[in-house]
Amino acid sequence: MPESVIAGIPVHFPFEPYDVQRAYMEKVIICLRDGTNGVLESPTGTGKTLSLLCASLAWIRTRQSEHQQQMIKLKATSKDGGTAPGGDLSELAMTVGKANNWGVPKVIYASRTHSQLNQAMRELKRTAYANMRSVVLGSRDQLCIHPEVMKEQGNSNKVNLCKLRVHSKTCTFQLRVESKKDHPDFRGPSIMDIEDLVRVGQKLKMCPYFASKELVAQADITFMPYNYLLDPKARKANKIELGNTIVILDEAHNIEKICEESASVQIRSSDVAMAIEDVTHIMKVFTSGESQDAGADEPKDFTLDDLTLLKEMLLELEKAIDAVVVDNPTDGTTYPASLMYELLGKANFTYGNCATIVALLDKLVQYLMVASQHMTIRKGGTFTLLSDLLTIVFANKESIMGKVHLSFKVHVQVEESNKQTGGKGGAAPQGKQQGWLGKGNITTTGASSKAAKIVNFWCFNPGFGMEQLLNTQVRSVILTSGTLAPLKPLIAELAIPVAQHLENPHIVDQSQVYVKIIGTGPDRQQLISNFKNRDNPKYISSLGQTILNVSRIVPDGLLVFFPSYPMLNKCVDAWQASGLWADISCKKPIFLEPRGKDQFTSTMEEFYQAIRDSKGAVFMAVCRGKVSEGLDFADRNGRAVIITGLPFPPLKDPKVILKRRYLEANRTKENQLLSGQEWYNLDATRAVNQAIGRVIRHRNDYGAILLCDSRFQDASQVQQLSKWIRGHLGARPQSSPFGPIVRELRQFFKHAEQTMKQPDVREEEQPLTNVCKVEEDEPLPVIPTIKREPGNNATFRKANESAIKVEMANSINSWTPADYASAAGRTLGHAAPNAMDFMSRLDSNVSSIDFNCSGAAGSGLVKIHKRERSSPSANDSVATQATKKRYKLVDNIKTEPSSQPAEKVAPESRADLLRELRSVINQEQFKEFGKVLIEYKSGTYEKFESLMAVLLVVLPAPKMRYLLVGMRRFIKNEHKDEFDVRVASLN
C-alpha cells in the first residue's frame, strides 16, 4: 500500500490520500502526539473512518517500534552490565515496561451502534493495519450462546441469569473460556467482529462474551458502543480501564444527547410498589420455609433483617413520592434537582449507604432469578431499576452539588392509570397479616388510591458525562462526525479543552451533486411541513405528486426522509387511499422503515435485492431513525434523497422546554452556548444533515439532494446545513419552480451516467447476519397496496373506501357512455358532462371507449383505443406536468367470436394484478380479499383455507380463471401444490 509521511509519521493508506484525507489524518496524529483533544468534522463519503483508523494505528505502530528499539537497548545493556547494578535496573525496567505495554497507549474506538462498529471493522480489514490486534465488546444479548439464557425475554433478564449461572458455576460455556482462550481459532484472526466471535464460540463451545474480554489486555484497538464509555455503570461492569488511552468517538453528532441520557434516570411509583411486593414475597418465603422446597441453590447472601430494613426504606420512599404535589396533571411539574435527594433522604438512602444498598439489590435479583425457575414470581426487574437510580443519582459527588442544581431538574408527571400495576395492592389477597408483614400490605393498599407518579431526574449539561471521561486520565479524546458544525457551541456544551479542530470540504466535484430547494409541488401548492400545514390534504397530495415525479427520473434507489413516524404514517395512509401509492409503486417498489430489528434486517435485504434486480426502489424512512444514522446507500443504492421537512423536537415536550430554559439561563458571552431557539433549530438541521449524508458515500459517487420544504430558504436554516451543501446552494438560496427542476434533474442524471464511472455489480454488506432468507423459486417483491400498511385506523379505512370507489371507476378495460354517465355521478336523462370532464375520464387507466349504443345490435361506428407502450423505456417515465396521450379513432369492425379464444394471462406485476382484480370484482369483495390475504401472509394453514374460500367466491367464473391462476404468486411454497390441485379441479 502507498506510504505517506504525515506529521512526521509514515502512514500506509490503501490509495494515495486526497487532500481532505491528508488534512484529517494530520489533525489526528497531532492530537495523539501532543496528548490533546480534537473535534474534527469531515463529510460522509470523504473516507473519514478509513483516515481515522490509518492515522491512529500508524502512530501506535510507530510508538511500538520506538519502544521495541528501547527494549533491544535494554537487553544489550543488561548483557554488558552482567550482575552490575545497572543490569538489575535494566531487568526491572523491562519487566515494568512489558507489564505496561511499554507505555504505548491503546485505542478505544466507540460509535453509536454495533452496525457502525461493524462497518469500521470492515474498513480496518482493508488496511495495512489489519494484522494489529483488535477486539469488539458486545452485550450478552449479542454474544451469549447459552440456550437457557437466550430464551429469556428482555436484556436485563438475560444479564441477571447469566450472572447467576456464572456465580454458581453452572455455565459450561463460561467455564471453558480459561482452557480455550489460547486456541488458534480464537487467537489466530487479528480482527473478529460480533458474528466472528459468536461463530468461533459455538465451534469451541466457549462463551464469546467472556472470551472477548480476554483479548482486551493485548488489543491495540478496542471497538465498543458509546454507552460502555460514557455510562459509569457500563464502564464499571465491563472493567474498562481508560488511563493512557486514546478515545475516539465516531458519529459524535449525538454525543451531547448521549452524555445527558447517561446521567439521567427515571423511577415510577409502580416500580417502588412492585419492589415492596417482591421484598414482601421473599420475606414470606423465608418465614414459611418454602425456600427449601423451591430449591437449595438460591444464593442467600442476605438476612431477614436486611429485607426488613429495605422494605421500611421503600415504604418511606413510596410515601415521599406520593406526597409530591403535581400542579399540572397533563404536563407535569418541574422541581429543582434537590427534590430527588430529599425524596431519597426521607427514605434514608444516602451517600454513606448507597453502595451497600446497591449490593443488596443485586443479590436479591440473583435470588429471584433462581426462585423464578421454581415458582411464579417476577425476576427482580424493579430491583435493577432501583439500583440504577441510586447509582446514577449518587454518582454526583457532594462537593459539586452547586453544579448539580444548575444542570439537573426533577420533573414529576402523573403516571397513566393503565401503567399502575397491581403491585401496590397485590399482596392484599394473601389474608390478614401480622407485624411487619402486615404493615407493608396495609400501607401499599392504602396508597393505591393516590395518583401514581413518574419522577424524572434529567441532566441538561452534557459536560457531566465528558468530565467523568476526562477524569479517568485518558491521553486524548477525538470527537468526529460528518455533521458536528457549528463546532464552538458543541465544544462549549461538552466543556472539553480542544486544541485541534477541523471542518473539511467534501471530496466530490460540484458536477457530482445536484442540490435544490423545492418550495412548491407540481400543482404549485406550497411544500411546508410545519404544524399548521402538515394536516393539509392538498399539501400531502402535492408532496406525493412531487415524489412520484422524482421517482420517474431518479434511477435505482430513492430515499425519502420524513420528520417523524406520525407524519410518515399520515402520508402513506393518504397516498394509499388516493392511489398515489400505487402510482409510485408502479415506477419503483416502496419500502417503509420498520421499528423492529428483525423486520428491519429483512426489509433492508429486500431493498438491496430490488436494486440488484435493476428494478430500483423507494425507501421511506424517518430522520433520526436507523436508516438515517450510519447506513450506507452508496452508488445505485441511493441516487437521490428527498427531505420532506425539518424534524424539530416536540415543542411542548417537557424535556425540550427545560433544555431551552437551561441554555438561556446558563448562556454567557464567554461560554458561547447556543440560545434555546438556536439549539432547537440546530437539533433539527443536524438530523437533516445526517439523512443527506446517506447518499454521497465515496469519491466517484453521485446523487441528488432535494429539500422539499420552503423553510430551507431561510438564512438561519441554510447556515446550519453542512458547509459542503451550502456551497451547492449558493450565497442566496431560493426555491425553484418544479418544472425547471424536473428538466435539470433529468439532465444531471443523463450527464452523470455518461461521464461518471459506473460501479461494479457487487454483493451488498448485510446490515445484520440474521437476514430472512428469500425462497429462490419465488421472490417476494413488495405488494404496494397490501404489504406494510401502517394505517389501520378509522380515518384510513374511510379514505380507502372512497379511493376504492374511484379506482373502481378508473381501473377498467373498456366502458360505454352509459358507464361514463354512471361513473360521473349522473343518470342518462341529465345533462351531459362538459369537455373537461370527458378529457379527465380519458386520463384514467382505460384502454378503450366504446361509443356504440347499448342495444343488442350496436349501430355505432366509432371506438377509441388508447395507444399504450407495452414496455416503456426509462426516458419515457420522466415526469412532466402535462403528459401527452395519443388516441386513435377506428372503425368498430365486428368479428365473430373465435371458437378457441386466446387464453388470457394475469399481469406479471403484483400491483398490476391487484389493479385488474379490483376492476372485475366489487368493492366489498376486494376488501374481503385484501383482509384475508394480509392475515394469510402471517398466518397458518387455516388462513390458507380462508384465502382459498374467498378466492373461489370472488373469482368463480371461467373467464376469471386467469386471475385465479395468477394468485399463485401470493401463495406460500408449502401450499402451492394444494393450490394447483384445487385450481385444476375446477377445469
Side-chain angles (χ1 to χ4, degrees), residues 265-284 286-287 302-326 333 335-365 378 380-396 398 401 410-415 420-428 430 433-457:
V265 70
Q266 178 190 88
I267 191 74
R268 299 171 181 267
S269 294
S270 54
D271 296 331
V272 180
M274 284 191 286
I276 293 170
E277 185 179 340
D278 289 343
V279 174
T280 303
H281 188 92
I282 297 172
M283 292 167 73
K284 288 179 182 176
F286 262 53
T287 55
F302 49 86
T303 65
L304 201 55
D305 290 340
D306 294 333
L307 297 175
T308 305
L309 180 60
L310 177 61
K311 182 170 180 179
E312 291 289 347
M313 295 171 76
L314 292 174
L315 288 168
E316 291 299 322
L317 178 60
E318 183 182 48
K319 190 186 300 181
I321 293 174
D322 285 337
V324 177
V325 177
V326 181
T333 303
Y335 290 91
S338 57
L339 178 68
M340 178 59 78
Y341 294 92
E342 291 172 9
L343 293 174
L344 294 174
K346 288 178 181 178
N348 199 29
F349 292 105
T350 64
Y351 280 97
N353 64 14
C354 171
T356 305
I357 300 297
V358 168
L360 174 61
L361 291 169
D362 290 344
K363 293 172 185 175
L364 292 176
V365 169
R378 284 188 291 266
T382 53
F383 292 150
T384 303
L385 291 173
L386 286 168
S387 177
D388 292 346
L389 172 73
L390 297 176
T391 302
I392 290 174
V393 171
F394 290 112
N396 302 312
E398 290 182 90
M401 272 299 139
V410 173
H411 187 76
V412 185
Q413 299 166 289
V414 174
E415 188 174 357
Q420 296 177 31
T421 64
K424 291 191 175 185
Q430 299 294 329
Q433 301 291 338
Q434 300 288 330
W436 46 264
L437 282 177
K439 178 181 177 182
N441 295 328
I442 294 169
T443 304
T444 53
T445 303
S448 66
S449 61
K450 299 179 182 179
K453 300 178 181 71
I454 304 171
V455 182
N456 300 289
F457 186 64

Would you tell me whether Glu316 and Asn348 have side-chain atoms, one donor and one acceptor, within less than 3.5 Å of each other? no
Under the rule for ring pair (Phe, Tyr, Trp, His ring centres under 6.0 Å), what residues qualify as partners of Phe394, not counting sequence neighbours? Tyr351
Any donor-acceptor N or O pair under 3.5 Å, side chains Asp388, Thr391: no
Might you work through the side-chain contact (heavy atoms from CB on, under 4.5 Å) test for Met313 and Leu317, ending with a clear yes or no? CA-CA 6 Å; Met313 295 171 76; Leu317 178 60; over 6 Å; no
Here the pair of heavy atoms bringing Val324 nearest to Lys453 is O-CE, 2.8 Å
Shortest non-hydrogen contact from Glu415 to Ser270? OE2-OG, 2.6 Å
Rounded to the nearest 0.5 Å, how far apart are NZ of Lys311 and CD1 of Ile282? 11.0 Å
Does a side-chain heavy-atom distance below 4.5 Å link Leu389 with Asp271? no
Measuring from atom NE2 of His411 to atom OG1 of Thr333, what distance do you get when rounded to the nearest 0.5 angstrom? 7.0 Å
Using side-chain hydrogen bond (donor to acceptor under 3.5 Å, both in side chains), reason through Thr308 and Asp305 one step at a time and then give a plain yes or no. CA-CA 5 Å; Thr308 305; Asp305 290 340; 4.9 Å; no
What's the spacing between Phe457 CZ and Ile392 CD1 if we round to 0.5 Å? 9.0 Å
Flag side-chain contact, heavy atom, 4.5 Å: Leu386 against Ile267: yes
Could you tell me whether the side chain of Ser387 and the main chain of Phe383 form a donor-acceptor pair under 3.5 Å? no
Quick check: do Asn353 and Thr350 have side-chain heavy atoms less than 4.5 Å from each other? yes
Has Tyr341 got a side-chain atom pairing as donor or acceptor with Val393's backbone, closer than 3.5 angstrom? yes
Would you say Leu339 and Val412 make side-chain contact, with heavy atoms under 4.5 Å? yes
Between the CD1 atom in Ile357 and the CG atom in Asp362, the distance rounded to the nearest 0.5 Å is 11.5 Å
When rounded to the nearest 0.5 Å, the distance separating CG of Leu343 from CG of Asp322 is 10.5 Å
Under a 4.5 Å cut-off applied to non-hydrogen side-chain atoms, are Leu361 and Leu310 in contact? yes
Measure the spacing between CG of Leu307 and CZ of Phe302 and express it to the nearest 0.5 Å. 5.5 Å
